Amino acid sequence: MRRLLYIVPALVFALIAAYLLAGLGLDPKTLPSAMIDKPAPAFDLPALADVAPALKTADLGGEVALVNVFASWCVPCRAEHPILMRLAAEKGVPIYGINQKDKPDDARRFLAQLGNPYRRIGVDADGRASIEWGVYGVPETFVIDRAGRIRYRHVGAFGPQDLDPILAMIERLRRG
């Protein structure tokens, strides 16, 4: 019985250590999403006036596209913006924007300075639509298939290393 007093703490420590070691091998940008392979959530957001038309669920689908959640106050959004511009201009990827918890004048100034890669922008002033998408923070980007289903979620800013897998997925979804 006395041996158990020494063995049980050692076993508990070994289990916790094994659990933590397994977590070290995971990609921190890969967060599970209950929305993968499900239809985009229902939303209807007003336009960012003078910049782009409004955005609602019915605007998604019919073609493979990206939905990017961004804000002018978000430093990583500024870092990924040139990549979004390239995707839209050079690769012809339709990009829709959800402007989360931003001041409209700040968002307009952000896009005037950096360019506008978005076909449509919905203003998510209170962040409710973003919550429906399962967004933890900005930026986050979703790949939407022709049926309007969420096929992939990218957490954080796009970097050059992220482009090839995203473009491969877009091409695969475009082919059907």
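Numbers here are sequence positions counted from 1. As the structure is a prediction and not an experimental result, all values here were calculated from the model.
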Members sharing Leu11's hydrophobic cluster, built from side-chain contacts under 4.5 Å between Ile, Leu, Val, Met, Phe, Trp and Tyr, are Ile7
Test side chain to side chain contact (heavy atoms under 4.5 Å, CB included) on Val69 and Trp133 and set out the steps.
-> CA-CA 10 Å; Val69 182; Trp133 282 80; 5.7 Å; no
What are the two closest non-hydrogen atoms of Leu55 and Gly122, and how far apart are they?
-> CB-N, 3.6 Å
Identify every side-chain donor-acceptor pair in residues 167-176 under 3.5 Å, counting partners at least two apart or on other chains, and give the distances.
{"residue": "Glu171", "atom": "OE2", "partner": "Arg174", "partner atom": "NH1", "Å": "3.2"}
{"residue": "Arg174", "atom": "NH2", "partner": "Gly92", "partner atom": "O", "Å": "3.2"}

CG (Leu45) and CD (Gln100) are apart, to the nearest 0.5 Å, by 11.0 Å
Mind checking side-chain contact (heavy atoms from CB on, under 4.5 Å) for Lys56 and listing every partner two or more places apart, or none if nothing turns up?
-> Asp44, Ala58, Asp59
Can you say whether the rings of Phe110 and Phe70 are parallel (under 30°), tilted (30 to 60°) or perpendicular (over 60°)?
-> parallel
Flag yes if Tyr118 and Met85 sit in one hydrophobic cluster, no otherwise; membership is Ile, Leu, Val, Met, Phe, Trp, Tyr, and two members link when side-chain heavy atoms are under 4.5 Å apart.
-> no
For the residue pair Val138 and Cys77, what are the closest heavy atoms and their distance?
-> CB-SG, 4.1 Å
Could you tell me which residues satisfy side-chain contact (heavy atoms from CB on, under 4.5 Å) with Val123, sequence neighbours excluded, listed by chain and number?
-> Pro46, Leu48, Ala125
Quick one: pull up CG in Leu111 and CG in Asp50 and give me the separation to the nearest 0.5 Å.
-> 12.0 Å
Could you tell me whether a side-chain N or O of Asp102 sits under 3.5 Å from a main-chain N or O of Ser72, the two making a donor and an acceptor?
-> yes
Check: Ile98 and Val135 side chains under 4.5 Å, non-hydrogen atoms | no
In one Ile/Leu/Val/Met/Phe/Trp/Tyr side-chain cluster, 4.5 Å: Ile131, Val67 | no
Under 3.5 Å, is there a donor-acceptor pair between the side chain of Trp73 and the main chain of Lys101?
-> yes
Is a side-chain donor or acceptor of His81 paired with a backbone partner of Gly115 at a separation under 3.5 angstrom?
-> yes
Closest approach of Pro39 to Arg149 (non-hydrogen atoms, all atoms of both residues) = CD-NH1, 3.5 Å
Looking only at non-hydrogen atoms, find the nearest pair between His154 and Gly156 and report the distance.
-> CD2-O, 3.3 Å
Less than 4.5 Å apart, any side-chain heavy atom of Ile166 and any of Asp164?
-> no
Scanning both residues in full, the closest heavy-atom pair of Glu132 with Pro41 reads O-CG, 3.6 Å
May I ask you to test the Asp162-Ile83 pair for a side-chain heavy-atom distance under 4.5 Å?
-> no
Starting at OG1 of Thr141, measure out to CZ of Phe158 and round the result to the nearest 0.5 Å.
-> 4.0 Å
Same cluster or not: are Val8 and Ile16 linked, directly or through other Ile, Leu, Val, Met, Phe, Trp or Tyr residues, by side-chain heavy atoms under 4.5 angstrom apart?
-> yes
Pairwise distance CZ(Phe142) to CG(Asn68) - rounded to 0.5 angstrom = 9.5 Å
For Asp37, all residues meeting side-chain contact (heavy atoms from CB on, under 4.5 Å), sequence neighbours excluded = Arg151
Would you mind reporting whether Val64 and Ile144 have side-chain heavy atoms less than 4.5 Å apart?
-> no
Over 12 foreign heavy atoms within 6.0 Å of CZ, Arg146 = yes
Mark yes or no for whether Asp124, through its side chain, and Arg128, through its backbone, hold a donor-acceptor pair below 3.5 Å.
-> yes
Using the salt bridge (Lys or Arg N to Asp or Glu O under 4.0 Å) rule, collect all pairs that involve residues 77-89, keeping only residues at least two apart or in two chains.
-> Arg86-Glu90
Can you see which heavy atom on Pro76 is nearest to which on Pro139, and at what distance?
-> CB-CD, 3.7 Å
Side chains of Leu87 and Pro117: does their closest heavy-atom pair fall under 4.5 Å?
-> no
Kindly say whether Ala54 contributes a backbone atom to a donor-acceptor pair with the side chain of Arg120 at under 3.5 angstrom?
-> yes
